[in-house]
There are 2 protein chains.
Amino acid sequence: MAPGRLPRASLPRDPAPAAEATRLHELLERLGAALRAEARAAGADLGLQPVHAEVLGYLGRCNRYSDGPLALAEYLGLTKGTVSQSIALLERRGLVARGDDPADGRKVHLRLTPAGKRALARLVPAGGLEAGADALGHAERAALLTALEGLLRALQRARGGRSFGVCGTCRHFLREPDGGRRCGLTREPLTERDATLLCREHEGLAPAAAGGP
Amino acid sequence: MAPGRLPRASLPRDPAPAAEATRLHELLERLGAALRAEARAAGADLGLQPVHAEVLGYLGRCNRYSDGPLALAEYLGLTKGTVSQSIALLERRGLVARGDDPADGRKVHLRLTPAGKRALARLVPAGGLEAGADALGHAERAALLTALEGLLRALQRARGGRSFGVCGTCRHFLREPDGGRRCGLTREPLTERDATLLCREHEGLAPAAAGGP
DNA sequence: CTCGCGTAGTATCGAGTCGATACTATATGA
DNA sequence: TCATATAGTATCGACTCGATACTACGCGAG
């Protein structure tokens, strides 16, 4: 971590890579805080916290392997105990319903109630960001999304977390000779809709180039 | 807010602008959550919450007009009452010290104690993000920073918040004939270091192109 | 078949965030 | 000088969050 001199001829046009990384960290943190403040304001009249909006949003977009408290805890980066309380609150409010697993008595499946879906719809937009996104061109916007996806993957990898992607970017996804879809991990066939939902077993396609020589 | 049809001939190569904006929102929220989880882990052994790291980081980088509870509340997007409690905690822990304003008896100036600076240093890095940033080229990284800065400005503008920038990007900043620096708002001269600190009175240079046709 | 172990989830406690409301004290200005 | 605005604090209640301890179920080895 010592600053030190650059071992290679220093290119004057790079404003200290470490400073750039710090600036990136700061910008993402500020953006995250601003989004959080928006979420707080949006949820205030419903009596919901930012984390509740995340729970509802996730439950609206996850598949049947990923709709339990544990998956939610992994997605949010919180402990299962903490998440259990937030779920209890959402259940008391009638926004989330719980169902048993027919095959495994330990498991719980969560789903949005109609009221939960309505609440989610009221929580989503907020705007603000769209104005900024509109100011960017097509190409810039696409590049931004790609770059952010890369950063998110890097962060998830560093923290040993799961990636929670959809089938299209998962290495377990199989295309059958008859055109059907199947998950190579559970061996189960997948409907078209299944393939658009977030999965906790998701693993990225490219293992990414190896690091050291 | 009704979806409606595009008034102009719709370009088929744009995958639904609204979906792109949603995806952007989601990515930034995920990134923010991941960073927050990192901050939580980093602060855990010091007994500090993510918001404490933000307070310490801000106090290490703000100028003398911006080191009070109210400025902090604006920066964090929280109420002054909430912030007052967090400050009280940091003061109890000996990480932050408070001083009176010689001119205005209502004001309080906050500063990091040596212990606070040490704590901040332990809170900063975490890594993870750097790996992702390294994977991008110079140009991509620069474009990413620029795009994120634009988004942040848009969000701050939409929320009516302050931008908290440095003198170099502030419309009040004056360069004097003798080479000195001065703030056009307070009329006070500024040292070289002053000009590198965050200011709550900061206002962006370009009012941004008007919206209409 | 039951013992042990691992997994999924819940219960409870304490520290802390956070907003709302109400309050004190100082500045400003008509 | 009296009203109003500004800066900050105090207190309350709902909630988050982690830690720890707990229940219940599944699964495999003996």
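Residue numbering restarts at 1 for every chain, and letters A, B, ... go by the order of the sequence lines. This one's a predicted model, so the numbers in the text were calculated from it and none came from an experiment.
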Comparing B:G68 and A:G81 on DNA chain D - which has the more 5′ nearest nucleotide: B:G68

5' precedence on DNA chain D between A:R36 and B:K80 (nearest-nucleotide basis): B:K80

Could you tell me the separation between the [atom1] atom of [X] and the [atom2] atom of [N], rounded to a whole number of Å?
| X | N | atom1 | atom2 | result |
| --- | --- | --- | --- | --- |
| A:L48 | C:dT17 | CG | P | 22 Å |
| A:L46 | C:dG19 | CG | P | 16 Å |
| A:D100 | D:dA24 | CG | C1' | 12 Å |
| B:D67 | D:dA7 | CG | C1' | 13 Å |
| A:D45 | C:dC18 | CG | C1' | 16 Å |
| A:D101 | C:dT7 | CG | P | 17 Å |
| A:L76 | D:dC17 | CG | P | 8 Å |
| B:L70 | C:dA27 | CG | P | 16 Å |

Side chain to side chain contact (heavy atoms under 4.5 Å, CB included) between B:R61 and A:E26, worked out: CA-CA 12 Å; B:R61 304 180 40 241; A:E26 182 201 337; 3.5 Å; yes

Greater than 12 external heavy atoms within 6.0 Å of A:E176's CD: yes

Residue A:R193 excluded, over 12 heavy atoms near CZ under 6.0 Å: no

N/O (side chain, A:T79) to phosphate O (OP1/OP2, D:dG18) under 4.0 Å: yes

Distance test, side-chain N/O of B:S84 to OP1/OP2 of D:dT9, below 4.0 Å: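 For D:dT9, OP1/OP2 do have a side-chain N/O of B:S84 under 4.0 Å.
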
Residue pair B:L151 / A:L27, side-chain heavy-atom distance below 4.5 Å: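 No, their side chains stay 4.5 Å or more apart.
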
Residue pair A:E29, A:R36: steps toward the salt bridge (Lys or Arg N to Asp or Glu O under 4.0 Å) verdict: CA-CA 10 Å; A:E29 221 162 44; A:R36 210 176 169 73; over 6 Å; no

Inter-residue atom distance B:L152.CG - A:L129.CG, 0.5 Å rounding: 10.0 Å

DNA chain C: 5'-proximal contact among A:R98 and B:T82 (nearest heavy atom):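 Counting from the 5' end, the first nearest nucleotide belongs to A:R98.
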
Mutual orientation of the aromatic rings belonging to B:Y75 and B:Y58 [parallel < 30°, tilted 30-60°, perpendicular > 60°]: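 Plane angle between 30° and 60°, so tilted.
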
Within residues 102-111 of chain B, residues whose heavy atoms come under 4.0 Å of DNA chain C: B:A103, B:D104, B:G105, B:R106

A:R40 side-chain proximity, nearest of C:dG19, D:dA7, C:dA8: C:dG19

Are there any protein N/O atoms within less than 3.5 Å of an N/O atom in nucleotides 12-15 of chain D, and if so, which ones and at what distance?
unit_1: D:dC15; atom_1: OP1; unit_2: A:R93; atom_2: NH1; d: 3.2
unit_1: D:dC15; atom_1: OP1; unit_2: A:R93; atom_2: NH2; d: 2.9

Inter- and intrachain pairs under ring pair (Phe, Tyr, Trp, His ring centres under 6.0 Å), touching residues 97-124 of chain A, at least two apart: none

Side-chain ion pair, B:D100 and B:K107, N-O less than 4.0 Å: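 Between B:K107 and B:D100 there is no salt bridge, as every charged N stays at least 4.0 Å from the carboxylate O atoms.
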
